[in-house]
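As structure tokens, the structure follows; a few thoughts come after it.
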Amino acid sequence: MMRLKKIVIGLVSVAVLYACYYFYSQQVQLVDIQLSSPDNSAIKENIHVKLNRPAAAYVEYWTGSGAHRYTTVKEVRKEHTFNLLLLDAGTDYYYRIVLDRLIPIKSKTLHFKTRKQSPWMVHDWIKEDHPHDPLAMGDGLTMLCYREFPGYIAMVDGKGDIKWYWQDEKMGVRIASLTPRGTILALLAPVGKDEFYKPQPNKAFVKSGMGYSLRTGKMGYMGGSQLAEIDLTGRVRWRLNVDKLGLIVHHDLRMDKSNHIVAVVRDYILAEKIGKPADTLWGDGVVVMDTTGKVLKKWSAWDHWDLAKDTRLDSLKHDRFHINTISFDKDSNYLVSSPIENQVWKVNAQTGKTMWRLGKGGDFRLDSSSYFYFQHAPHINQNGDLMLFDNGDFSPRDSSTTNKRSRALSFSLNEKTKTATKKMDVPLPGKQYTARMGSAYFLPNGHVLQTSSKTGSVLISDKGGKVLWELNTYFIPYRAEYVPAGFWHDYVQTVPN
């Protein structure tokens, strides 16, 4: 009798729990679901959900053979829009709407199929007869910019598939960088904006047999006329015409922790020389501005340069410093790159004072094998070391094309003792030597991502220089920047929240 009583009580308890759960789950119901492909994109989908009453929710989605992924949880409301990003083109997807409750309530399984990739985005990025290990990059992406028309930013995975892109209808995209708030900052310009006036060769380089003239126009190479901040859904948060502000932004721009824009700009002075009339000397500076274009402060290389001791002003007056990078040291001060001087400078972000110079003739003790020439993209890597791309142009070893080499270098710096210890020296193959542009980044998996701009190649190698993966571009990429998987955290999850 006692046993029967326990069974009855158990069944009643289960029935009560089920009734409570049923009532609990039926309180919120799906009223409507609408799907759309923003910008007619083949690799992203928006799911618009309408509920009968406010509730927090997210979407679980997967391919027939792929792992399940999840959007982040949307706050309590009656209508939600979920952004599904990094999708595969031409692929069947299955999904469920999930109400975020103590016991999640899942809808029935639904389905959509992405369309084929747009023809203008299809390219033979990976060549089978070149190294192409799809795992060499890890789970991140590499970001490139197309500076012709129509310009775009593309992020490519290890298989050579475009997983994300943003395109502009009228402008080329010169450069782009990731921001601390999970967006992309881009420099745009009309096609044909570059200016290369060559009234005379640069004598300093003629003596070395190069005969190369650097930019001499007002805009110069890699200059732009507009800035834009783009979120990962492709929405432009703001757009700014810096041309109308009288600013000539070029080569690099970043967003700092205060969400201000820090950009390299062209700058000039009128200088008088003994027995000669005043002459215009072109150089560079760094400006800090807010997203409305209000300039908050400016640093000029000319303010910290001794004109009287400069013996190369005549030959380099059109482009004295050619600053091509702005990045942040661990203490938030600036790192700027002057390839004309073959040096990286650390600049105090508050006072503008040059704190030190790294490179040949600089403040750090360096072995001559660690000198770099016409370098690009210095930055602090994940190990806390200063890393850069050594183009190798105008170096003692470039007396012939055969000897020209580009490489990735990194240094551990002791700023007190002014010693620099070389940590990485990763050469590119000789055929991928690039005199101009380029970049080098240390990946989380220990490999090195380098851009050989002039050959249109992006390569991943081990620390010894063995090439594991090569991306074939059909244009000249200024740089290829690594995009870690965590950059998508606000949109793509691998486990439920």
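In this text the structure is predicted, and so the values were computed from the model without any measurement. Every heavy atom of this structure was used, including side-chain atoms; hydrogens, water molecules and symmetry mates were not.
Tyr482 has its ring centre no less than 6.0 Å from the ring centre of Tyr441. If you look at Tyr334 and Trp345, their ring centroids are not closer than 6.0 Å. Not less than 6.0 angstrom separates the ring centroid of Tyr152 from the ring centroid of Trp166. Ring pair His379/Phe328: centre-to-centre distance not below 6.0 Å. A ring-centre distance under 6.0 Å is found for Tyr146 and Tyr474.
Rounded to the nearest 0.5 angstrom, Lys159 NZ and Leu135 CG are separated by 9.0 Å. With rounding to the nearest 0.5 Å, the separation of OG in Ser338 from CG in Asn324 is 8.0 Å. Taken to the nearest 0.5 Å, the CG atom of Leu335 stands 14.5 Å off from the CE atom of Met387. Atom OG in Ser315 sits 7.5 Å away from atom CZ in Arg320 (nearest 0.5 Å). Taking OG of Ser439 as the reference point, atom CG of Leu144 lies at 8.5 Å (rounded to 0.5 Å). One finds the CG atom of Asn381 at 8.5 Å from the NZ atom of Lys423 (value rounded to the nearest 0.5 Å).
No donor-acceptor distance shorter than 3.5 angstrom exists from the side chain of Ser337 to the backbone of Pro378, with no hydrogens or angles considered. The backbone N or O of Asp306 lies less than 3.5 Å from no partner atom in the side chain of Lys309, so there is not a single donor-acceptor pair. A donor-acceptor pair under 3.5 Å is absent between the side-chain atoms of Ser406 and the main chain of Tyr433, judged by distance alone. Formation of a donor-acceptor pair under 3.5 Å by the Asp329 side chain with backbone atoms of Asp331 is not found in this model. Under the 3.5 Å distance criterion, the side-chain polar atoms of Ser453 are left unmatched by any main-chain donor or acceptor of Met437. Under a 3.5 Å cut-off, the side chain of Asp390 and the backbone N or O of Gly392 do form a donor-acceptor pair. In this structure a side-chain-to-backbone donor-acceptor pair under 3.5 Å is present from Thr325 to Ala377. Using a distance-only test at 3.5 Å, with no hydrogens or angles considered, no donor-acceptor pair links the side chain of Asp161 to the main chain of Lys163. Within the 3.5 Å criterion, the main-chain N or O of Pro339 finds no donor-acceptor partner in the side chain of Gln343. The backbone N or O of Leu468 lies less than 3.5 Å from no partner atom in the side chain of Asp462, so there is not a single donor-acceptor pair.
Heavy atoms only, all atoms of each residue included: Asn342 and Tyr373 are closest at OD1-CA, 3.4 Å. Closest approach of Tyr478 to His376, counting heavy atoms only: OH-CD2, 3.7 Å. Of all the heavy atoms in Gln117 and Ala89, the pair that sits closest is N-CB, 3.6 Å. Ile323 and Asp284 make their closest contact through N-OD2, 3.0 Å (heavy atoms, listed as atom of the first residue, atom of the second, distance). Nearest approach of Ile153 to Val173, heavy atoms of both residues: CG1-CG1, 3.7 Å. Closest approach of Val467 to Pro429, counting heavy atoms only: CG2-CG, 3.7 Å.
A cation-pi contact, defined as under 6.0 Å to the ring centre and within 45° of the axis, links Arg436 to Phe374.
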Glu229 vs Thr183, side-chain hydrogen bond (donor to acceptor under 3.5 Å, both in side chains): CA-CA, chis, key distance, verdict = CA-CA 7 Å; Glu229 184 182 3; Thr183 57; 2.6 Å; yes
Derivation and outcome, side-chain hydrogen bond (donor to acceptor under 3.5 Å, both in side chains), residues Thr417 and Thr419 | CA-CA 6 Å; Thr417 62; Thr419 55; 2.9 Å; yes
Derivation of the side-chain hydrogen bond (donor to acceptor under 3.5 Å, both in side chains) call for Ser41 and Asp39 | CA-CA 5 Å; Ser41 173; Asp39 309 316; over 6 Å; no
Given the rule in the side-chain hydrogen bond (donor to acceptor under 3.5 Å, both in side chains) test, do Ser300 and Asp267 qualify, once you have shown the distances and angles that lead to the verdict?
-> CA-CA 7 Å; Ser300 174; Asp267 194 27; 2.5 Å; yes
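Ring-plane geometry between Trp305 and Phe321 is classed as perpendicular, the angle between the planes exceeding 60 degrees on a 0 to 90 degree scale with a lower cut at 30.
No more than 12 heavy atoms of other residues, nucleotides or ligands shown are found within 6.0 angstrom of NE2 on His489. The number of heavy-atom neighbours closer than 6.0 Å to NZ of Lys170, taken from other residues, nucleotides and ligands shown, is 12 or below.
Phe372 is not listed as a side-chain neighbour of Asn391, based on a closest heavy-atom distance of 4.5 Å or more.
Exactly one residue among Leu253, Ile261, Val262 makes a side-chain contact (heavy atoms from CB on, under 4.5 Å) with Met289. That residue is Ile261. Of the candidates Asn472, Ile162, Val156, Thr473, Asn472 is the only one forming a side-chain contact (heavy atoms from CB on, under 4.5 Å) with His123. Of the candidates Thr72, Leu86, Leu85, Leu85 is the only one forming a side-chain contact (heavy atoms from CB on, under 4.5 Å) with Tyr491.
The pair Asp252-Arg479 meets the salt-bridge criterion, with a side-chain N (NZ, NE, NH1 or NH2) lying under 4.0 Å from an Asp/Glu carboxylate O.
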